[in-house]
Amino acid sequence: MIAEEVVPAPETVELEVAETVEQIEPSEPPVEGQETPEARIDIEQVLEKHETTFIDQQKLKKEQIRLFLTDKKNVPQSYYTYSPREALLNQYCENFLRQYTQLYSGRKELLFLPENEFGVKKFVSSHIRPTQLPLKELYDYRSCATFVSEFINYIPLDPPHELPKQVVSPTYTLKIQEGNCFDMSIVLVSLLRGVGYDAYVVSGYGSKSITTMNQTKTSSEAISKNLFSNFYSNVPESVVVQESVEIPQKYKVKPPRQLKSNFIIKQEEKKLQMLKKQEIKPVQSVEEAVELDDDDELKGLRVHAWVLVLPGRRDVAEAFFIEPSTGKIHSTIDDNYLGLESVFSSMNYWVNMQVCYNGLKGISFDLADNTKWEFVLLDNTQTGASRKQEDGEQKTGNASDEEDNEESNSEVIDMPPSWVDRLVITKEQFESRCPTGSKVSIYKDAKWEVFAAYNRPDGMVSRVTLFETKDNPIGIIKEVYQNRKDHLSERIRTPSEEKVQEFFLPGRIHGLREHIMINGETKEMHFYVSARPDGLLKRVHLDNKVLYYFQDREDNLVYRSVTYNPNEPIEKNADDPKGNMIKMTEKFARNLNIAASKDIYKKTYFIKEDKIRVVYHLDKGRIVASNREFKKPVGDQKGQILDAIQIFEVDPYCKPPKKQHLFAQLVELIRSESLCLQSIKGADRELLEIVQLRKTEEADVGLSISVYDTLRNEMKVYTDTEGIEIHKGDEEESKTMDIDYLSPFLINYPNPNSLTKEEALAVKNACLKSLRERLLEKVNIVQTQLDEVTAEYQRRQLAYSRNADSMTVEETDNYVKYCNDALFKIHILEKRQAKHKEQSPEKYIELDAKLRADPRLVAAFQ
């Protein structure tokens, strides 16, 4: 068991520390082994120093990245210059904004031409750069929104009621890993439009809780539904098995009828109604946020940006919002969004002409409706823009075609290409997720921590802590792991009950799937049936009983239990292997190949009483099963034991069994009892092995790296002596160079590096002779195989010509099949032989050239 430390709120900690310091008198001497106030202060100072150092390092790192990204040498020229089309578009936008301000002086200015990181004004729609990244996890809007909310650190607008003066490029935001709501929305829309979603950035107004990303008043019901779902929901159906095996019964006893008084029921209803009137109704999470915003001085004025996804693409059936700061999905009538000024994408910019009386309720998001949305650029991809353009052409229909062309060329301005470079997110950045490798979200009744893969030594990637509340009286901690060598995937802890549930992926040595412990003691173990030879499904520990459930066994065993005497101590060193066992029970499934009266349903071994009871399956139409009870013999008491057997047959006309059959059955039952006892002892030993293995694994947690992980599988090895890094490719080349093809021929020479002319000639001739012999041997092997196949083929062909008339259809088919195989083998062998004859001279010449170039045989060619 892992002890849980309860962390109170920061204000509570400060008050408790202050009160504790005031209560301690300076004159009291410190107790040995106890921390003094001075010691506590020193520890706090050290922790604060470490935290300050870490924050300073992070600030310095961000400043270095910011200086690098604002250097014109490191970015394309489009970041700090204008193209002719961009200059014309800026003039058009300034004119549009001037007219908009004159016509709607009471509305807030639009975010049209904000400055980028180089202080250059760019049209806000050109900030969006649709990009499809080679990461399948970003292909879905849910996982993409979650990644953006975790990867980028959210910074609220300052001041919160004004539009930002600067909107940086999405490449800058991804590099610096921080940004406001507009920066994060632009990044998310760029990724969503890159994978085919019809996504837009919305500029409007939000509540205080959503603009400040304050979720402390929000219930964790949404995340608890997703994160505390059934663990086996993602496991294939072939792996999920039934927890218990129930044998269907035809006859069932009806439960007793529960009588209720209508008068008492009406009285209870009246009491409940009275209590409801007196009590204050609980407020939902969204209503709480709205109620808190009622006290906000800037309610309805806080500027915010989020993402709108319209239907029509990627099987999106209904429009919805995505909050970039949290990655959550909201409806278009969510109370946290109070107003809307405009939406824009990489294609155009639309101004909202609808009045937001009650939040966004009743707002139409049909951008083709030009009565509700005013577009900026005439080159609109929506159908409504083309309609409006046609109306404008009809009004000027009296003019000539040349004048229309001139007006269209001078007035219609299309959207230039985005000035932003293509977005890049490496695999390493995607796996790191959070800027510091971890992120914490605090809710009203929960805390959600997310960690990057391989960021923690124990492999934890997520942890959710549900606090104890009125609605949830039991606190739960759920931890999710990845890449662990022990295949641990989840751990659910209940500190109040001292309960721990561990879930494992397939691949463990004992096939363990789930391990449940209470107060450090094993209570249940679930196994993968397909990974076990004995078909064990589950093991349950009760107070004085252990239950085993099986599945898919050849002997139809589905249940086994062993009962212990809790009053007797377990004698580990006793000679009796049964210890304090009272009885053992085995249950079997129905075998349809045997009559029910002969098919055993349950065997009960009474250890202390030395008897065995056998119960058979129910016959059709019966309510009582046949049974037999045997008394185990002490010595050579065959006759007496058979007389003591108690037999109950449901069928009165059934013939009584013979004595030799009963004795044979008794012998078989005694053997089954011995096997059952051995299986139970083996299961106990296995339990100890699993528990000991889990202790070892938790003491030294190891993480596994996939062979497909190119980031962490660096192709490097280290020598034991020098510790120098050597690339694997260089090592393979060195191994190849270390293979000396002349070593078998130089073994008889004491100094192979300085050979005489006669010795060098002898080595050269021996090497060439060895190659010649190997080539001839290979030719002979191929020729022998070819002769054998050809001779057999001719023999079978001759036999077929003699017996063709008397052969059956099956024999003829076999002969045709053999002929096809034989001709194929002959063809392959002939091609192999021809290729070998063609390559043999080349190999001989190549070896001769290699020998001439060898420095040890220079004397042979002088």
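For CD of E115, the number of neighbouring non-hydrogen atoms (other residues, nucleotides, ligands) closer than 6.0 Å is greater than 12. Within a 6.0 Å sphere centred on CD1 of I65, heavy atoms belonging to other residues, nucleotides or ligands number more than 12. Other residues, nucleotides and ligands place more than 12 heavy atoms under 6.0 Å from the CD atom of E162.
In this structure R463 satisfies the side-chain hydrogen bond (donor to acceptor under 3.5 Å, both in side chains) test together with E449, sequence neighbours excluded. With sequence neighbours excluded, the residues that form a side-chain hydrogen bond (donor to acceptor under 3.5 Å, both in side chains) with W419 are S126. Residues forming a side-chain hydrogen bond (donor to acceptor under 3.5 Å, both in side chains) with R302 (at least two apart in sequence, or on another chain): D296. With sequence neighbours excluded, no residue satisfies salt bridge (Lys or Arg N to Asp or Glu O under 4.0 Å) with R313. Evaluation of the salt bridge (Lys or Arg N to Asp or Glu O under 4.0 Å) rule for K361 yields D335 as partners, not counting sequence neighbours. By the side-chain hydrogen bond (donor to acceptor under 3.5 Å, both in side chains) test, Q99 is found to be paired with N95, residues two or more places apart in sequence or in another chain being considered. For R422, there are no salt bridge (Lys or Arg N to Asp or Glu O under 4.0 Å) partners at least two apart in sequence or on another chain.
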Are V309 and I322 close enough, and set up right, to give a side-chain contact (heavy atoms from CB on, under 4.5 Å), and what steps lead you there?
CA-CA 8 Å; V309 179; I322 301 178; 3.9 Å; yes

Show your working on side-chain hydrogen bond (donor to acceptor under 3.5 Å, both in side chains) between T211 and Y205 and close with a plain yes or no.
CA-CA 9 Å; T211 55; Y205 306 96; over 6 Å; no

Passes side-chain hydrogen bond (donor to acceptor under 3.5 Å, both in side chains), D421 versus T171? Steps please.
CA-CA 7 Å; D421 199 6; T171 54; over 6 Å; no

What's the verdict on side-chain contact (heavy atoms from CB on, under 4.5 Å) for Y139 and Q132, showing C-alpha distance, side-chain angles and the deciding distance?
CA-CA 8 Å; Y139 194 71; Q132 182 177 1; 4.1 Å; yes

As a quick check of understanding, evaluate side-chain hydrogen bond (donor to acceptor under 3.5 Å, both in side chains) for T371 and D369, giving each step before the final call.
CA-CA 5 Å; T371 61; D369 189 354; 2.6 Å; yes

Kindly determine whether Y200 and R193 satisfy side-chain hydrogen bond (donor to acceptor under 3.5 Å, both in side chains), including the steps that lead there.
CA-CA 9 Å; Y200 303 83; R193 295 189 72 89; 4.6 Å; no

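No donor-acceptor pair under 3.5 Å is formed between the side chain of K121 and the backbone N or O of N116. In this structure, the side chain of Q354 engages the main chain of S364 through a donor-acceptor pair within 3.5 Å. Judged by distance alone, with hydrogens and angles left aside, the side-chain atoms of S125 form no donor-acceptor pair with the main-chain N or O of F344 at under 3.5 Å. The main-chain N or O of T70 is never found under 3.5 Å from a side-chain atom of Y79 such that the two would form a donor-acceptor pair. No side-chain donor-acceptor contact under 3.5 Å links S105 to the backbone of Q102. Looking at Y481, its side chain never comes within 3.5 Å of a backbone N or O of S462 through a donor-acceptor pair. Here the side chain of Q429 pairs a donor or acceptor atom with the backbone of T426 at under 3.5 angstrom. Under the 3.5 Å distance criterion, the side-chain polar atoms of H127 are matched with a main-chain donor or acceptor of V167. Put simply, the side chain of T469 never gets that close to the backbone of D445: no donor and acceptor are under 3.5 Å apart.
To the nearest 0.5 Å, atom CD1 of residue I210 and atom CG of residue D334 are 6.5 Å apart. Atom CG of L192 sits about 12.5 Å away from atom OG of S345, to the nearest 0.5 Å. The distance from the CG atom of N483 to the CD1 atom of I705 is 8.5 Å, given to the nearest 0.5 Å. The CD atom of Q77 lies 4.5 Å from the OG1 atom of T81; values are rounded to the nearest 0.5 Å.
By the 4.5 Å heavy-atom criterion applied to side chains, D183 and N180 are counted as neighbours. The shortest distance between side-chain heavy atoms of N74 and L69 does not fall below 4.5 Å. A 4.5 Å side-chain heavy-atom check between L157 and V303 finds at least one atom pair inside the cut-off. Considering only heavy atoms from C-beta on, Y357 stays 4.5 Å or farther from I363 through its side chain. Looking at F467 and T465, their side chains come closer than 4.5 Å, going by heavy atoms from C-beta outward. Counting only heavy atoms from C-beta outward, the side chains of V316 and Y197 approach each other to under 4.5 Å. For the pair I477 and I492, the minimum side-chain heavy-atom distance is 4.5 Å or more. Side-chain contact between V480 and M460: absent, with no pair of heavy atoms (C-beta onward) separated by less than 4.5 Å.
Residues S418 and I128 share a closest heavy-atom pair of OG-O, 3.4 Å. Minimum heavy-atom separation, L138 to V195: O-CG1, 4.0 Å. Nearest heavy-atom pair, P160 versus L298, reported as atom, atom and distance to 0.1 Å: CG-CD1, 3.8 Å. When all heavy atoms of G179 and I152 are compared, the closest pair comes out as N-CG2, 3.8 Å. L163 and S203 make their closest contact through CD2-OG, 4.1 Å (heavy atoms, listed as atom of the first residue, atom of the second, distance). Looking at every heavy atom in both residues, L703 comes nearest to Q482 through CD2-O, 4.2 Å.
Screening residues 83-92 for salt bridge (Lys or Arg N to Asp or Glu O under 4.0 Å), with sequence neighbours left out, gives R85-D414, E86-K122. Screening residues 143-153 for salt bridge (Lys or Arg N to Asp or Glu O under 4.0 Å), with sequence neighbours left out, gives E150-R433. Here salt bridge (Lys or Arg N to Asp or Glu O under 4.0 Å) pairs that include residues 125-147, with residues two or more places apart or in two chains, are D140-R142. Pairs engaging residues 314-323 under the salt bridge (Lys or Arg N to Asp or Glu O under 4.0 Å) rule: none recorded [sequence neighbours left out]. A ring-ring contact (aromatic ring centres under 6.0 Å, His included) check over residues 310-336, counting only residues at least two apart or in different chains, returns the pairs Y141-F320, W306-F321, F321-Y337, F321-F365, H330-Y337.
Ring centers of F151 and F430: at least 6.0 Å apart, outside the cut-off.
Of the residues listed (W373, F375, F112), the one engaging Y349 in a ring pair (Phe, Tyr, Trp, His ring centres under 6.0 Å) is F112, and it is the only one.
Residues E117 and S169 bring a donor and an acceptor atom of their side chains to less than 3.5 Å of each other. Of the N and O atoms on the side chains of Y100 and E374, not one donor lies less than 3.5 Å from an acceptor on the other residue.
Ionic pairing of E341 and K108 is not present here: no N-O contact between side-chain nitrogen and carboxylate oxygen is shorter than 4.0 angstrom.
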